[in-house]
Amino acid sequence: MLQLTWRAVLMGSALGGVLSLTNLYIGLKAGWGFGVAITACILSYAIWTTLHRVGLVGTPMTILENNCMQSTASSAGYSTGGTLISAFAAYMLINNQTLPLPTMLAWVFFLSVLGVTMAIPMKRQMINVEQLRFPSGIAAAETLRALHSVGDKGMRSARALGWAGLIALVAKFWAEGLALASAALAPFMIGTWIAALNQRVFGPAWMGRTVMLSWEPMFIAAGAITGIRVCWSMFLGSITAWMIFVPLLQHRGIIQGSGYGTVVQWTLWGGVACMVTSSLLAFAMQWRTALRAFTDLGAMFRGSGRDADDPMAAIETPASWFIGGQIAGLLGLAWLGHRTFGMPYWETLVAVLLSFALALVACRVTGETDTTPVGAMGKITQLTFGVLHPGNMNVNLMSANVTAAAAGSSADLLTDLKSGYLLGAHPRKQFIAQFAGIFVGTLVTVLCFRLLVPDASVLGSDQFPAPAAQTWRAVALALSNGIRELGPVKIWCIGIGGLVGIVLTLLPKMFPARQHLIPSPAGVGLAWTFHWYYGLLFFLGGLLGWWVEKKYPEWAEEFTFPVASGWIAGESLMGVALVIWENGPELVRKLVGH
């Protein structure tokens, strides 16, 4: 059966490039990211089936071609953008300057090479031998089987995704784009109506605390995918941060002024502390998983001893590719880190070694729980380099970025390899498809990031709050300048937020039957770093998704993900287009000027 073909790689690259824009946009808005594999599968099937029916292509795409396509798309659409919305954006906030375009392209590319090849030795052990579940990989495989075995059902999902995306495109243009076409149309925009409603209902004081309404339904769609527990936790965090904590500090004169950019400098400390302590504690509580990961280390590199009895050995990705990719990634990152950030070469080596160790754990945790502890990976490295190289925030950021990006990329790509394993795909061909995706992903995400974020003034604004970057910046500042310099209020916020994160992590272990009633520490903490109305929108989406699942379970199983994914993609892409349309000439001039 056809697997690795030019049409699969080109289709995957194109879809991954487009979907990478949706993750970049929603990441700058809310610090959130979504896997693109299932969305790419549905879109690819629909596009190619349509082309085949009208006679523009000779044969339909096979299920294994579609699998290679989704591997390329996932690598392009997910594995390259996390660096930009976190470490690079935090670097801009700290230094009030951006990095040269060639440096950004090279850094993201070498990180992607590191992450992709890091998954090679883990695949045999965790997927072939131990058969770890990787639930999202199973879901992607089942989606592909459903699309190719029951054509009508597959096309229904594809049509739902397409219509949702189209309606979202129109709604976003109606909300924000009419004035760009003609100033006379501004009174008819949804955004104008919402602004007038906010003035009448909430008033300037509450609006300055971001307590208002906003027309961004993609966060309702994101909430439907995320689930009710995390979503109501976000809303709880939004209420405690923006409706209780902020007004109290403003009333006492501690916070001078209003607006997200001013206020978040106070709220983020409690939220970041909650997320950091909860992620580190959850990571520590999985010590048995970590121990198994390191116990497996020897088995991963003893493959030659069992190759004679392993029928898969001849088609597995060879270890030489792993070694070559790691050396290339290490040398590239070491040279860039030393030249750009003043990182000693030995620190890059430590970061890469630490990346492999933590990626082992991250991949196993993902395989067992379907949750990748990227936050914990980055914070462990930030803490490590806070000790090894204290006082240098840039080194702290970029060394942690190496670990978090490589670990997250490896876990995501192992999920794809799991779906390929279940479908009977050729592992080496699937790896080549993954590797091909990083070229397009790097180019599209970096260029688009530079267009959307030409300078640091855009970050922390209402347009792009960049909560992930705020979190990374806060940890780097605390480690470099010392906790005491933050002042008593922020120190108390860190202490209380950290305690809340610990308690909310322990309670579900103590009362597993009541877990759904215990707030998610990640949800609560994240809400303290972005606008109040994001928490509201996520909550509405989670509530809607829960209600539909209870009331219409069969409809929800078939359509919730396609409709939500289509809406997120449509609104995000129109949002990117409107930003470029409004500021196009100036953005291009700044991009070319650098």
Side-chain angles (χ1 to χ4, degrees), residues 22-34 81-82 84-86 89-90 92-93 198 202 206-223 225-226 230-247 249 255 258-276 278-279 374-375 452-453 456 458-475 493 497 500-501 519-542 568 571-572 575:
T22 70
N23 263 343
L24 185 63
Y25 185 79
I26 201 170
L28 288 170
K29 285 279 191 180
W32 214 254
F34 296 95
L84 299 169
I85 66 170
S86 56
M92 294 175 68
L93 287 171
N198 285 330
F202 296 99
W206 284 109
M207 290 174 66
R209 301 166 186 144
T210 76
V211 179
M212 54 183 174
L213 302 178
S214 177
W215 179 261
E216 295 182 89
M218 70 175 182
F219 292 109
I220 297 178
I225 295 175
T226 302
V230 173
C231 290
W232 75 256
S233 302
M234 286 186 186
F235 192 42
L236 175 65
S238 295
I239 292 172
T240 55
W242 303 99
M243 300 183 74
I244 299 175
F245 177 77
V246 171
L249 264 60
I255 296 180
S258 61
Y260 173 79
T262 299
V263 176
V264 75
Q265 301 304 319
W266 295 87
T267 62
L268 66 85
W269 298 100
V272 169
C274 180
M275 289 188 286
V276 169
S278 63
S279 61
V374 174
L452 295 178
V453 189
V458 179
L459 299 169
S461 64
D462 287 337
Q463 183 182 40
F464 293 131
Q470 301 282 3
T471 300
W472 281 62
R473 172 182 173 271
V475 175
C493 288
V500 169
S520 159
V524 172
L526 187 61
W528 279 63
T529 67
F530 58 41
H531 297 66
W532 176 86
Y533 53 77
Y534 286 158
L536 173 65
L537 294 173
F538 266 101
F539 172 66
L540 292 176
I568 291 170
E571 186 172 335
S572 299

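All heavy atoms count here, side chains included; hydrogens, waters and symmetry mates do not.
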Tell me the closest heavy-atom pair linking [X] and [Y], and the distance in Å.
X      : Y      : result
Cys274 : Val500 : SG-CG1, 4.2 Å
Ile85  : Gly27  : CD1-CA, 3.8 Å
Met218 : Tyr25  : CE-CE2, 3.4 Å

Pairing residues for [X] by the side chain to side chain contact (heavy atoms under 4.5 Å, CB included) criterion, not counting sequence neighbours:
X      : result
Ala221 : Ala564, Trp567, Ile568
Ala474 : Leu268, Trp269, Val272
Ala90  : Leu397, Ala469, Trp472, Arg473

Begin with the C-alpha distance, continue with both residues' side-chain angles, and end with the deciding distance and a verdict on side-chain contact (heavy atoms from CB on, under 4.5 Å) for Leu452 and Leu24.
CA-CA 10 Å; Leu452 295 178; Leu24 185 63; 4.2 Å; yes

Check the surroundings of atom CH2 in Trp206: do more than 12 heavy atoms from other residues, nucleotides or ligands lie under 6.0 Å from it?
yes

Heavy-atom donor-acceptor pair, Asn198 side chain to Leu213 backbone, under 3.5 Å
yes

Whether the side chain of Lys29 engages the backbone of Gln463 through a donor-acceptor N/O pair (distance < 3.5 Å, no angle test) should be reported.
yes

If you look only at distance, which donor and acceptor atoms sit under 3.5 Å apart when one is on a side chain in residues 529-542 and the other is two or more places apart or in another chain?
| residue | atom | partner | partner atom | Å |
| --- | --- | --- | --- | --- |
| Thr529 | OG1 | Leu526 | O | 2.7 |
| His531 | NE2 | Asp462 | OD1 | 3.0 |

Quick one: do Met92 and Val453 satisfy side-chain contact (heavy atoms from CB on, under 4.5 Å)? Show the steps, please.
CA-CA 10 Å; Met92 294 175 68; Val453 189; 3.7 Å; yes

Measuring only between side-chain heavy atoms, which start at C-beta, is [X] closer than 4.5 Å to [Y]?
X      : Y      : answer
Arg209 : Met243 : no
Val263 : Thr210 : no
Val524 : Met234 : no

Which side chain to side chain donor-acceptor pair (under 3.5 Å) pairs, counting each pair once, include a residue from residues 231-244, with sequence neighbours left out?
Thr240-Trp528

Begin with the C-alpha distance, continue with both residues' side-chain angles, and end with the deciding distance and a verdict on side-chain contact (heavy atoms from CB on, under 4.5 Å) for Leu84 and Leu28.
CA-CA 9 Å; Leu84 299 169; Leu28 288 170; over 6 Å; no

Could you walk me through whether Val246 and Trp266 pass side-chain contact (heavy atoms from CB on, under 4.5 Å), step by step?
CA-CA 8 Å; Val246 171; Trp266 295 87; over 6 Å; no

